[in-house]
Amino acid sequence: MAEAFDPREIEPKWQRIWMESGEYDVSSDDPRKKSYVLCMYPYPSGSAHQGHVRNYTFGDLNVRYRAMNGEAVLSALGYDSFGLPAENAAIKTGIHPRTFTDARISELRDSLIRLGAVYDWRRELKSHDPTYMKWSQYIFIKLYEAKLAYKAMAPVNWCPGCKTVLANEQVLSDGTCERSGDLVIKKDLEQWFFRITEYADELLEGIEDLDWPEQVKTMQRNWIGKSVGVELDLQVVGSDDLAVRVFTTRPDTGFGITYAVISPEHPDLWRLVKKECKVEVEEFLDEVRSRSEIERLSVDMTKSKRGVRTGSYVVNPFNGKEVPLFVADYVLAHYGTGAVMGVPGEDQRDYDFAKVYDLPVIRTVLPPTNFDGEAYAGEGEKINSEWLNGLSVSEAKDRAIRWLEENGIGKSKVNYRLRDWLVSRQRYWGCPIPIVKCKTCGYVPVPFEELPVIAPDDVEFLPTGESPLSRHPEFKKANCPKCGGPAERETDTMDTFVDSSWYYLRFADPFAEDKPFDKDVIAKWMPVDQYIGGIEHAILHLLYARFFTKALSDIGLVPSDLREPFKRLFTQGMVRLNGSKMSKSKGNLVAPLSYFDTVGADSLRLFHLFVGPPGDSFDWTDQTDTIIEGCHRFLQRVWRLALGQAESFPGVTISTVDRKPTDSDLEVRAIVNKTIDKVTSDYERWSYNTAVAALMELTNTIYRKSAEGVSKEVFDEAVDSLIKMLAPMAPHMTSEVWERLHGGSVFKTGWPKADPAFLVSSEDTLIIQVGGKFRDKLTVPSDISYEDALELALASPKVRAVIRDKAPSKVIAKLPRLLNIVV
RNA sequence: GCCCGGGUGGUGGAAUGGUAGACACGGAGGCCUCAAAAGCCUUUGCUCGAAAGGGCAUGCGGGUUCGAGUCCCGCCCCGGGUACCA
């Protein structure tokens, strides 16, 4: 008798084999069909957490499944290793971010190896590696040269106590600093931007053809937020040259304008505020400065002061009426023109505002008779609008735009909600922006030979008012690469989203030495065939990466026909504990390592696959451990079955005999083939939980049937299929079993194919309903006729008991599955 | 606030508009054992009933349909994103 299933014994063995054999290394000249499976590269938070386990289990399963189907699968691992936590740790403990990060990378690498994930390890990369930084900076310069990077003023969160810039997550909901408790203010700094808005339309159009979850596509469309409308000028009363330009998507509602609003940051603000309102406006601006953007857009209109009068009035160009001008915080400076017209009849937010400030409401669209809301934003007939009366909303829009344009008051305009990407970070632990500022030459890129620009190690991390790099005189001092004169080095670093916007390209060609990657090699592997990551990245990372691919394609670094990086996307659900995302920063981790030491990685992988649909998040609870143990028991059961140990346990006898297959054997064969069919389609549609369930059922069936006696040939065939289908899920155990049974690797055997002969059956279950309610079921021939089915149904005592003497008024038949008798 | 999801037994979940609860976890009972663990078998939504059998049931309220967990409308609650967490 062979020994019991002990993951602690076999898992390290196979991990060593996979690592040393290099069997998952791939090269560009591989003749097999190329395949690129990628998990979003992780922020190295130390040993893997359950979210990682989930992500990499799905990733590794896909890699192994595709490999079993004969594809050359590119699988690589890297680390998003710049970022805030390492810098915070440095401030707290004095440990250098590199030391801190490298230690955590090796922990993460170890835990992913222990999970059994396989990679082409030659391609491993990390954002903070000088080689990687060199090419990040090179790409930045290319974008700058292509006029896709520029500098502009933008506000940051500034903590007066810490004298430092804060990330949004470091600002508490009451607007104070999480560290010092000081009230955080907005401060304007000159910062670098990427011109992602240049690609707004293409980013929007491109969504169409992506094989991505509809949910993510919708989120991206809304984020880009294309809106077609018109810009028009509202003349300021008592001034010849001053007008407030507003953007609206509803020019048809012009006759309903009863006020106008400018944003607190509007450049003309102080020209518009009358003397008598000055004090009040100043007080209001102080209040607004402490509010975050989300707060500005979210606070209930009726609960707090949202705006004050400027004292100025503007003229409604449609009817010449003078309406008051307000300054209010729900209008944002960077969207549209930073000013809006107030139409309370057709916009709910305007309605709320008008109620608070006692402004008139004029409806310009006739709501449906049953409408009992406040503002009405729907379709309808125009009213109260003079020459627009009687038209539909869209007709009136066209007419109003034409009128505004003919009279030189306004013109058509397309606006996007999407803003340019602010890439500057006033931090140390990021990739330095490779620019030198010269008084005479302006912003000059650092010459190629001097890349990468690497931040010095001897910096002071304690917050004293400036970013660590700008306080380092030697680093800051530079000579202008153009004129040679004295100059200043840029001390901002890049947003870590820059690193994650091109790593998938470097994975395809990490061997290039004189360029970030070779175009032909990119053409071989890109796009990524299956990208896998958390739903929390649905917008920012995925949009930035799409932008990079398009920009690099236009610049010529990647093939011109490569316009989208990720062909197919799967967004996994999150692991939650006590109601919120399980993460290191929240301190609510359940470490996977302890499971590796007990039930093993295979059991944990199987658990993550089995516990629910991969796209759903799930809550880690007190009962989770028992489910993991259940998965472990299932693997043990398969182990015993496959290695013929089942009979050594009381209550089970497996009898296999050398004989020709009987009818009972054919039954087992049919189940095996049906399972192959189901599991294969479940793999394809990412329904791993039901695939596991099907394998459990198959296992139960083999046990039960073999207790009755089954031919050795059929039994072996069933077990082999089971092991193969389980292999991408539980690679260690299945490898070990396969080696013991047959020698060699289960992953080189190919994915099992179902024999179609076993998938069709001559009988079906006919459901009989009366009035849509289930009453009986019958086993019938698959080709049963309507007449026969109805006769059988009416003959059923259960049906007769309900129908009694009533005559069927209608019969709905979906043969051979369903018959519904309506009486 | 806005955008995107979700809500089904004691628990995780299953279910091309057609038998609600597959597969597990947990519970109950049994077999094996000196005993236990492990393993194996039976049973398990709620409710009425001795049983046969019936009724109820997919967050709440409406609607469409012969038929709704599934589609539509309106609510409630929970989660993700909201541009410097990644």
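To find a chain, count down the sequence lines: A is the first, B the second, and so on, and within it residues start at 1.
- A donor atom on one side chain and an acceptor atom on the other are not found under 3.5 Å apart for Thr493(A) and Trp429(A).
- Using a 4.0 Å heavy-atom distance criterion, Arg417(A) is classed as a base contact.
- Checking rC3(B), rC85(B), rC40(B) against the side-chain heavy atoms of Asn222(A) singles out rC3(B) as nearest.
- Between the side chain of Tyr683(A) and the backbone N or O of Met725(A) there is at least one donor-acceptor pair closer than 3.5 Å.
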Trace of the salt bridge (charged side-chain N to carboxylate O under 4.0 Å, His left out) decision for Lys151(A) with Glu490(A): CA-CA 11 Å; Lys151(A) 253 198 150 175; Glu490(A) 175 62 70; 3.0 Å; yes

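- Checked by atom type, the side-chain pair His541(A)/Glu536(A) shows no donor-acceptor distance below 3.5 Å.
- For the C1' atom pair drawn from rU65(B) and rC73(B), the interatomic distance equals 16 Å after rounding to whole Å.
- Residue Arg637(A) has a polar side-chain atom (N or O) positioned under 4.0 Å from OP1 or OP2 of rC40(B).
- For the P atom pair drawn from rU58(B) and rG10(B), the interatomic distance equals 13 Å after rounding to whole Å.
- Here rG1(B) presents its C1' atom at 12 Å from CG of Leu332(A), a figure rounded to the nearest Å.
- Looking at Met574(A) and Arg54(A), their side chains never come closer than 4.5 Å, going by heavy atoms from C-beta outward.
- With a cut-off of 3.5 Å on both Watson-Crick or G-U wobble distances, the partner of rG39(B) is given as rC31(B).
- Taking atom P on both nucleotides, rG81(B) is separated from rC75(B) by 25 Å, rounded to a whole Å.
- When the nucleotides rC23(B), rU19(B), rC84(B) are ranked by their closest atom to the side chain of Lys777(A), rU19(B) comes out on top.
- Note: CG (Asn689(A)) to C1' (rG12(B)) measures 10 Å, nearest angstrom.
- Among the heavy atoms of the strands lying under 4.0 Å from Gln426(A) is at least one base atom, whether or not backbone atoms are also near.
- Under the Watson-Crick and G-U wobble criteria, each requiring two contacts below 3.5 Å, nucleotide rG18(B) is paired to rC66(B).
- OP1 or OP2 of rC56(B) has at least one side-chain nitrogen or oxygen of Lys773(A) nearer than 4.0 Å.
- Here Pro42(A) lies out of heavy-atom contact (under 4.0 Å) with every strand.
- Ser127(A) contributes a side-chain N or O that, together with a main-chain N or O of Tyr79(A), makes up a donor-acceptor pair within less than 3.5 Å.
- Remark: rG5(B) base-pairs with rC78(B); criterion is Watson-Crick or G-U wobble with both hydrogen-bond distances under 3.5 Å.
- Contact annotation for Thr621(A): no contact, since no heavy-atom pair falls under 4.0 Å across all strands.
- Nucleic acid contact class of Phe634(A) (heavy atoms, under 4.0 Å, all strands): none.
- Computed from coordinates, the Asn820(A) CG to rG18(B) C1' distance equals 8 Å when rounded to whole Å.
- OP1 or OP2 of rC84(B) sits under 4.0 Å from a side-chain N or O of Arg425(A).
- Using C1' as the reference atom, rG54(B) and rG59(B) are 27 Å apart when rounded to the nearest Å.
- Here Asn700(A) lies in heavy-atom contact (under 4.0 Å) with sugar-phosphate atoms only.
- The distance from atom CG of Asp622(A) to atom C1' of rG27(B) is 17 Å, rounded to the nearest whole Å.
- Of the candidates rC3(B), rC25(B), rU82(B), rC25(B) carries the atom nearest the Thr626(A) side chain, counting heavy atoms from C-beta on.
- Counting any heavy atom pair closer than 4.0 Å across all strands shown, Gln769(A) reaches a base atom.
- Going from the C1' atom of rG62(B) to that of rA68(B) covers 14 Å, rounded to whole Å.
- Searching all strands for a Watson-Crick or G-U wobble partner of rG12(B) with both distances below 3.5 Å returns rC23(B).
- Using a 4.0 Å heavy-atom distance criterion, Ile767(A) is classed as a base contact.
- Leu418(A) comes within contact range of at least one nucleobase, with a heavy-atom separation under 4.0 Å.
- A straight line from CE of Met574(A) to P of rG80(B) spans 6 Å, rounded to a whole angstrom.
- Leu540(A) comes within 4.0 angstrom of a base, heavy atoms only.
- A donor and an acceptor atom, one from each side chain of Asp420(A) and Thr197(A), are located under 3.5 Å apart.
- Regarding the sugar-base torsion, rG21(B) falls in the anti class, its angle being beyond 90° of 0.
- Contacts of Gln348(A) with the nucleic acid, taken as non-hydrogen atoms under 4.0 Å apart, are absent.
- Comparing atom distances between the Glu697(A) side chain and each of rC84(B), rC23(B), rC4(B) picks out rC23(B) as nearest.
- The phosphate of rC66(B) (OP1 or OP2) has a side-chain N or O of Lys810(A) nearer than 4.0 angstrom.
- Ile535(A) places its CD1 atom 12 Å from the C1' atom of rG6(B), with the value rounded to the nearest Å.
- Where Lys798(A) and Gln623(A) meet RNA chain B, the nucleotide closest to each residue was compared, and Gln623(A) sits on the side nearer the 5' end.
- Contact of the Gln50(A) side chain with the Leu604(A) side chain is registered, since non-hydrogen atoms from C-beta on lie closer than 4.5 Å.
- Proximity note for Val611(A) (side chain, C-beta onward) versus rC4(B), rG12(B), rA14(B): the nearest is rG12(B).
- When rounded to the nearest whole Å, the span between CZ of Arg221(A) and P of rU82(B) equals 20 Å.
- If you check rG5(B), rC85(B), rC84(B) against the side chain of Gln215(A), the one that comes closest is rG5(B).
- When heavy atoms are screened at a 4.0 angstrom cut-off, Val156(A) is found touching base atoms of the nucleic acid.
- As rounded to the nearest Å, rA57(B) and rU47(B) have P atoms that lie 15 Å from one another.
- Taking the ring centre of Tyr703(A) as origin, the terminal cationic atom of Arg637(A) falls inside the region bounded by 6.0 Å and 45° from the ring axis.
- Minimum atom distance to the side chain of Ala693(A) is reached by rA22(B), of the listed rC85(B), rA22(B), rA24(B).
- Distances were taken from every side-chain heavy atom of Arg427(A) (C-beta onward) to each of rC84(B), rC40(B), rC23(B); the shortest belongs to rC84(B).
- Among the nucleotides rG18(B), rG81(B), rA83(B), the one closest to any side-chain atom of Asn168(A) is rA83(B).
- Atom P of rG69(B) sits at a distance of 12 Å from the matching atom of rG21(B), rounded to the whole Å.
- The interatomic distance linking Leu422(A) (CG) with rA83(B) (P) rounds to 12 Å, in whole Å.
- Nearest nucleotide to the Met219(A) side chain, out of rC84(B), rA15(B), rC4(B): rC4(B).
- Residue Arg633(A) has no polar side-chain atom (N or O) positioned under 4.0 Å from OP1 or OP2 of rA38(B).
- Using a 4.0 Å heavy-atom cutoff across all strands shown, His537(A) reaches at least one base atom of the nucleic acid.
- A side-chain donor from one of Asn55(A) and Gln572(A) sits under 3.5 Å from a side-chain acceptor of the other.
- rU58(B) makes up no base pair with any nucleotide shown, lacking Watson-Crick or G-U wobble contacts both under 3.5 Å.
- Remark: the separation of the P atoms in rU16(B) and rG6(B) is 15 Å, to the nearest Å.
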